[in-house]
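Encoded as structure tokens, the structure appears first; notes follow it.
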Amino acid sequence: MNIQHFHGVPPLYTNTFLIITNAKHGIIIDAAAEPETYLKALDEAGATLTHILQTHGHFDHVGAVASLKKATGCKVYMDKIDAEGSQLLPLTPDVITDEWPANGELVIDELPFKIYRTPGHTKGGVCLSCYGLLFSGDTLFAGSCGRTDFAGGSMQEMQKSLSLLAELPLHDATTVLPGHGESSTLGQERSTNPYMNGAWY
């Protein structure tokens, strides 16, 4: 798997990832950077953008979605509950081409993605795992978790989502790639992250 990490536009520098499959198809996780950033990288790899997978719909994660969809005709996956057309959740339902599969599995070329519904930061938040990587969006951070005080956030839901992640049948060596900040491992977060250990009070 060929994966590149970019930072989104300032001042939030959201983490965003571009995966190139063996068939030269591009998959973006959280299209937060300038559209040209992805198009240049795709061009250099001789690849075509086919999928955008959004962990949630907050403005700092979705900036390039509409223009990339228009430019490439790619599929856009996100829970439509996060497509409000508001300042906080700017995407509108018509931009989303596909809902997450009901069975929680999405296979793109050789890559099997498992989709875990993890509301708490937003109602439609998901985490995605694929071959030893966990794209945790703004649910799980290194040593922390996403805020729950935005509209659509819920501390109770976040608690459930983090418990779900803690108990996933994924190896401790799984690399956690969050929406902000540094990467980590699932084992590190399971053993030291106070939010995963239920220390909410």
Side-chain angles (χ1 to χ4, degrees), residues 1-8 12-33 37-38 41 45 47 50-56 58 60-61 77-79 100-101 103-122 124-148 155 157-200:
M1 182 193 320
N2 175 339
I3 180 167
Q4 298 176 58
H5 170 225
F6 302 107
H7 281 115
L12 294 165
Y13 299 105
T14 305
N15 292 326
T16 169
F17 303 92
L18 173 63
I19 299 167
I20 311 281
T21 71
N22 292 342
K24 297 290 185 187
H25 294 142
I27 305 163
I28 294 172
I29 313 284
D30 287 346
T37 304
Y38 305 107
T50 56
H51 294 75
I52 296 176
L53 311 180
Q54 289 294 140
T55 62
H56 65 294
H58 276 161
D60 56 322
H61 291 254
Y77 281 81
M78 189 180 85
D79 192 317
W100 297 114
N103 67 355
E105 295 182 12
L106 178 64
V107 179
I108 304 171
D109 295 341
E110 78 279 10
L111 301 178
F113 288 88
K114 287 280 289 180
I115 296 108
Y116 305 103
R117 293 187 179 274
T118 52
H121 182 65
T122 68
V126 299
C127 295
L128 310 167
S129 76
C130 181
Y131 284 140
L133 303 175
L134 180 68
F135 299 94
S136 62
D138 285 6
T139 300
L140 175 63
F141 297 138
S144 186
C145 70
R147 291 171 58 170
T148 59
M155 193 181 278
E157 291 289 329
M158 179 64 88
Q159 201 170 5
K160 282 186 205 160
S161 292
L162 290 169
S163 296
L164 168 83
L165 293 181
E167 291 160 17
L168 284 181
L170 295 177
H171 200 275
D172 276 348
T174 300
T175 301
V176 176
L177 298 171
H180 300 275
E182 299 300 313
S183 62
S184 182
T185 65
L186 201 48
Q188 174 79 10
E189 298 313 306
R190 281 169 172 157
S191 59
T192 65
N193 187 324
Y195 297 97
M196 279 193 116
N197 297 327
W200 282 79

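All figures in this text were calculated on a predicted structure; none of them were measured in a lab.
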Can you check whether [Y]'s main-chain N or O pairs, donor with acceptor, with [X]'s side chain at less than 3.5 Å?
X      : Y      : result
Glu110 : Asn22  : yes
Asn2   : Ile19  : no
His121 : Arg147 : yes

Of all heavy-atom pairs between [X] and [Y], which one has the smallest distance, and what is that distance?
X      : Y      : answer
Pro119 : Ser161 : O-OG, 2.6 Å
Val176 : Ser136 : CG1-OG, 3.5 Å
Pro178 : Gly181 : CG-O, 4.3 Å
Gly143 : Pro194 : O-CD, 4.0 Å
Leu140 : Ser144 : CD1-O, 3.7 Å
Gln54  : Trp100 : O-CZ2, 3.4 Å

Residues forming a side chain to side chain contact (heavy atoms under 4.5 Å, CB included) with [X], sequence neighbours excluded:
X      : value
Thr185 : Gln188
Glu167 : Ser163
Lys24  : Ile20, Ala47

Let me confirm one number: the [atom1]-[atom2] distance from [X] to [Y], rounded to the nearest 0.5 Å.
X      : Y      : atom1 : atom2 : answer
Asp138 : Thr14  : CG    : OG1   : 7.0 Å
Met78  : Thr55  : CE    : OG1   : 9.5 Å
Tyr195 : Leu165 : OH    : CG    : 15.5 Å
Ile27  : Ile52  : CD1   : CD1   : 11.5 Å
Leu133 : Phe113 : CG    : CZ    : 8.5 Å
Leu128 : Leu111 : CG    : CG    : 12.0 Å

Query raised in the report: Quick check, are the ring centers of His61 and His56 under 6.0 angstrom apart?
Result: yes
Which residues share a salt bridge (Lys or Arg N to Asp or Glu O under 4.0 Å) with [X], sequence neighbours left out:
X      : result
Glu105 : Lys114
Asp60  : none
Asp172 : Arg190

Query - Check: Thr16/Tyr38 side-chain N/O donor and acceptor closer than 3.5 Å - result: yes
Requested in this report: Give me the ring orientation class for His180 and Phe141: parallel if the planes are under 30° apart, tilted from 30 to 60°, perpendicular past 60°.
Outcome: perpendicular
**Report entry** Side-chain heavy-atom pair Ile3, Leu177 within 4.5 angstrom cut-off
**Finding:** yes
